[in-house]
J.: 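Have a look at the structure that comes next, please.
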Amino acid sequence: LNVSQNTELTSQRWRLESMTNISQKQAVLRHLKSGKSITAVEAVNLYSCYRLSASIEKLRKQGYDIVTHYEKNKRGNGSYARYEFRGAKI
């Protein structure tokens with residue numbers, strides 16, 4: 001690949017990743033607004049969202065009131081985050 005082709009390929013990858021990120025973030029928001037909570041494992045299984053905490057952070061920065069509940073795992077030796085939508089934009 002020459003420099004121009006490499007630059008265009010990088011640009012295409014960035015646009016695809018951005019579109020996927022936006023749609024995943026919107027899917028997570030719809031999920032939360034429907035009254036359901038979500039964990040990272042659920043986000044991967046339902047929406048192929050591998051960075052749920054990043055999506056939640058972006059939604060919070062947009063003004064959405066999302067709370068984090070920490071729950072113990074089944075083995076009792078660790079915990080995981082469960083996110084819940086508390087209300088509309090602040």
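Given the structure is predicted, the values throughout are model-derived calculations rather than measurements.
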J.: Does anything in residues 29-49 form a ring pair (Phe, Tyr, Trp, His ring centres under 6.0 Å)? List the pairs, not counting sequence neighbours.
T.: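 Counting only pairs at least two positions apart or across chains, the ring pair (Phe, Tyr, Trp, His ring centres under 6.0 Å) contacts touching residues 29-49 are H31-Y47.
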
J.: What distance separates E57 CD from Q62 CD, expressed to the nearest 0.5 Å?
T.: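 It is 11.0 Å, given to the nearest 0.5 Å.
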
J.: Do you know which two heavy atoms are closest between V28 and C49, and how far apart they sit?
T.: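 Result for this residue pair: CG2-SG, 4.5 Å.
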
J.: Are K36 and R30 close enough, and set up right, to give a side-chain contact (heavy atoms from CB on, under 4.5 Å), and what steps lead you there?
T.: CA-CA 9 Å; K36 298 181 255 180; R30 273 195 313 273; over 6 Å; no

J.: What's the separation between atom CG in L29 and atom CD1 in I38, rounded to the nearest 0.5 Å?
T.: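 Output value for this atom pair is 11.0 Å.
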
J.: OH/Y83 to OG/S53 distance, rounded to the nearest 0.5 angstrom?
T.: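 One gets 5.0 Å once the value is rounded to the nearest 0.5 Å.
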
J.: Taking only residues two or more places apart in sequence, or in another chain, which ones meet Y80 in a side chain to side chain contact (heavy atoms under 4.5 Å, CB included)?
T.: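 Partners of Y80 by the side chain to side chain contact (heavy atoms under 4.5 Å, CB included) criterion, ordered by chain and then number, come out as T39, E71, N73, R82.
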
J.: Between Q24 (side chain only) and S48 (backbone N and O only), is there a donor and an acceptor less than 3.5 Å apart?
T.: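 It does hold such a pair.
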
J.: How many angstroms lie between CD1 in I66 and CD in E84, if you round to the nearest 0.5 Å?
T.: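 Here the rounded value is 10.5 Å.
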
J.: Tell me, please, which residues at least two apart from T68 pass side-chain hydrogen bond (donor to acceptor under 3.5 Å, both in side chains).
T.: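 Residues passing side-chain hydrogen bond (donor to acceptor under 3.5 Å, both in side chains) with T68: R60.
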
J.: Which heavy-atom pair separates A40 from L52 by the least distance, and what is that distance?
T.: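 So the two residues come closest at N-CD2, 3.6 Å.
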
J.: When clusters are formed by joining ILVMFWY residues with side-chain heavy atoms under 4.5 Å apart, either directly or through shared neighbours, do L46 and L32 land in the same one?
T.: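 Hydrophobic grouping puts L46 with L32.
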
J.: Rest of the hydrophobic cluster containing Y50 (Ile/Leu/Val/Met/Phe/Trp/Tyr, side-chain heavy atoms under 4.5 Å)?
T.: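 Taking Ile, Leu, Val, Met, Phe, Trp and Tyr as members, Y50 shares its hydrophobic cluster with V44.
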
J.: Among residues two or more places apart or on two chains, list those pairs meeting salt bridge (charged side-chain N to carboxylate O under 4.0 Å, His left out) that have a residue in residues 46-56.
T.: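 Qualifying pairs, neighbours excluded: none.
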
